[in-house]
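Working notes, structure below.
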Number of protein chains: 2
Amino acid sequence: MEVPALSRRDRERLLRRTAILDAARAVFAEKGYEQATLDEVAERAEFGKGTLYNYFPDGKEDLFFTLFEEVVVGGLGGVIAEAFPDPEALATPGGTRAAFRGLIEGLLTHFENHRDAMMIFMKEGHRMALSPDRNETAARHWLGIVDAVQRPIEAAVRNGALRALPTRPIAHLLMGNVRGVIMAHLDAECAPSGTPEPLPFGSAAETAEFITTILFDGLLPRD
Amino acid sequence: MEVPALSRRDRERLLRRTAILDAARAVFAEKGYEQATLDEVAERAEFGKGTLYNYFPDGKEDLFFTLFEEVVVGGLGGVIAEAFPDPEALATPGGTRAAFRGLIEGLLTHFENHRDAMMIFMKEGHRMALSPDRNETAARHWLGIVDAVQRPIEAAVRNGALRALPTRPIAHLLMGNVRGVIMAHLDAECAPSGTPEPLPFGSAAETAEFITTILFDGLLPRD
DNA sequence: TCGCCAAGTGACCGAAGAGTCACCTTGTGA
DNA sequence: TCACAAGGTGACTCTTCGGTCACTTGGCGA
């Protein structure tokens with residue numbers, strides 16, 4: 001691995017850019033896009049507001065979309081890609097189940113480790129996708145994630161490892177499941193009495209098993 | 001049924017209130033809470049802005065939360081209640097499956113017939129639930145829906161008609177499934193080429209069957 | 001017919017926040 | 001040591017929008 005050919009100036013510039021993105025991540029995650037202010041991002045990053053415009057010339061939107069693309073979507077894309085290293089796994093029902101269990105666990109672990117990014121995804125993902133003025137870029141990113149999930153589903157269906165059902169809705173549905181469970185988690189967290197009911201979420205692995213069981217085996221008792 | 005004991009004045013007042021709520025519904029559905037303006041609501045309702053404050057003294061929040069409570073949550077609550085008229089149905093796997101299939105179909109039909117209200121739910125539901133300053137009222141409403149779905153699940157699990165899995169996450173997951181499928185629907189609708197792939201959504205009934213199959217029977221081919 | 005009151009109205013106000021720019025700081029090379 | 005360039009700074013401007021209130025209107029009872 002070559003030492004990156006960056007001058008000290010470029011390295012420092014990159015560092016500052018990252019610091020700004022980090023601050024923005026925290027603020028957007030807490031407040032949501034509309035309620036977040038550039039003053040707060042600047043303050044948290046310990047820069048003047050004007051500096052933000054040196055790095056993100058188009059201001060708030062620029063900052064947010066860059067963040068969404070690089071951090072939120074990029075992170076999820078990486079998790080999805082990692083879950084399907086071997087196309088052979090999708091040849092059998094068992095292999096498919098294991099692969100998707102891995103994906104779900106990966107997504108949940110990612111949520112634990114990158115909570116800010118996931119909060120942005122939870123809060124702003126659907127709003128962005130449904131906006132009437134939905135930015136082409138935003139739409140592409142959103143659909144990119146669904147695409148990435150759909151592809152292995154399609155492969156598995158082709159192989160007879162999954163029921164022959166329309167794959168794109170399944171992809172949306174899988175993302176909806178993960179979203180639902182994260183909501184359940186946050187719901188319990190915010191609940192007045194702490195945990196109203198012991199949840200199955202001692203770990204990402206247990207939770208992933210829970211979702212996988214329902215998704216692959218169904219809610220009905222197997223006879 | 002008695003004719004409601006309302007004076008003409010009260011009836012007209014109620015009518016105007018409804019007109020304002022209708023306009024607000026359209027505007028909030030299209031723009032989302034933050035981007036919606038009271039000027040636009042007033043214009044669409046053909047009232048002056050000041051009039052809005054006669055009916056919703058606390059302004060934008062008041063209008064939105066009233067709308068959310070009465071129209072969005074109220075509508076969903078009605079659909080959920082309708083789906084479980086007979087507790088006996090939850091005694092067997094087959095009855096349970098049929099009842100939840102009815103619920104899902106009801107939710108999807110409700111989406112078709114009350115698209116504005118559902119768009120508000122889709123866009124603002126999670127953001128509201130996750131807000132750091134989450135209004136107690138908002139939280140109660142959100143949780144109320146989940147509660148209403150959880151209750152029959154609990155009954156079915158008690159009866160052995162469903163696997164013994166934690167019920168609250170299942171409730172969240174079911175709502176996530178419906179949300180996911182609606183996203184798939186809207187995604188296809190917005191897609192540049194119209195419908196990139198024929199979706200299973202010729203009707204709410206077919207779509208409900210799709211979700212029910214996955215949720216109850218699972219994705220794996222039954223042996 | 002007159003007067004009163006309930007109710008609608010929209011010009012106006014103030015707060016908030018995105019975006020700008022003249023100024024200043026720092027570091028570098030001559 | 002000096003001059004210059006690169007780049008950070010935050011006070012300022014301008015727009016938008018939620019909320020207010022003095023005025024108008026219209027209907028009803030005396």
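Letters A, B, ... are given to chains in the order of the sequence lines, protein chains preceding strands, and every chain is numbered from 1.
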>> Under 4.0 Å, heavy atoms only, any strand: does B/F56 hit a base, just the sugar-phosphate, or nothing?
In response: nothing

>> Within the 4.0 Å heavy-atom criterion, would you say A/T37 contacts the bases, only the backbone, or no part of the nucleic acid?
In response: sugar-phosphate

> Could you give the CZ-to-P distance, from B/F28 to D/dC17, as a whole number of Å?
Replying inline: 13 Å

> B/D58 CG to D/dG18 P: how many Å, rounded?
Replying inline: 15 Å

>> How many whole angstroms separate atom CG of A/L52 from atom C1' of D/dG10?
In response: 12 Å

> Expressed in angstrom and rounded to an integer, what is the separation of B/L38 atom CG from C/dT9 atom C1'?
Replying inline: 15 Å

>> Salt bridge or not between B/R168 and A/D187? Use side-chain N to carboxylate O under 4.0 Å.
In response: yes

>> Just the rounded figure in Å: distance from C1' of C/dT28 to CZ of A/R8.
In response: 10 Å

> So does B/N54 get a side-chain nitrogen or oxygen closer than 4.0 Å to the phosphate oxygens (OP1/OP2) of C/dA7?
Replying inline: no

>> Tell me whether the NZ or CZ atom of B/K60 lies within the 45° cone about the ring axis of B/Y33 and under 6.0 Å from its centre.
In response: yes

>> From CG of A/D39 over to C1' of D/dT9, roughly how many Å is that when rounded to an integer?
In response: 12 Å

> Could you state the CZ-P distance from A/R11 to D/dA6, rounded to the nearest angstrom?
Replying inline: 19 Å

> Taking the six-membered ring of A/Y55, is NZ or CZ of A/R13 closer than 6.0 Å to its centre and within 45° of its axis?
Replying inline: yes

> Which nucleotide in the list D/dG8, C/dA6, C/dG19 gets nearest to the side chain of A/K49?
Replying inline: C/dG19

>> Please compare A/P57 and A/Q35 by the position of their nearest nucleotide in DNA chain C and report the one closer to 5'.
In response: A/Q35

> When we call it a touch if two heavy atoms are under 4.0 Å apart, what does A/G59 touch: a base, just sugar-phosphate, or nothing?
Replying inline: sugar-phosphate

> Is it true that B/R140 and B/E69 have a side-chain N and a carboxylate O under 4.0 angstrom from each other?
Replying inline: no

> To the nearest Å, how far apart are B/R16 CZ and C/dA7 P?
Replying inline: 8 Å

>> On the side chain of A/K60, is there an atom forming a donor-acceptor pair with the base of C/dG19 - under 3.5 Å, no angle test?
In response: no

> Going by an N to O cut-off under 4.0 Å, is there a salt bridge joining A/E124 and A/R127?
Replying inline: yes

> If you check the B/Y53 side chain, which of D/dT20, C/dA18, D/dG7 turns out closest?
Replying inline: D/dT20

>> Any base atoms under 4.0 Å from B/A36, or only sugar-phosphate, or nothing? Heavy atoms, all strands.
In response: sugar-phosphate

> From D/dT9, C/dG8, D/dA6, pick the nucleotide closest to the side chain of A/F47?
Replying inline: D/dT9

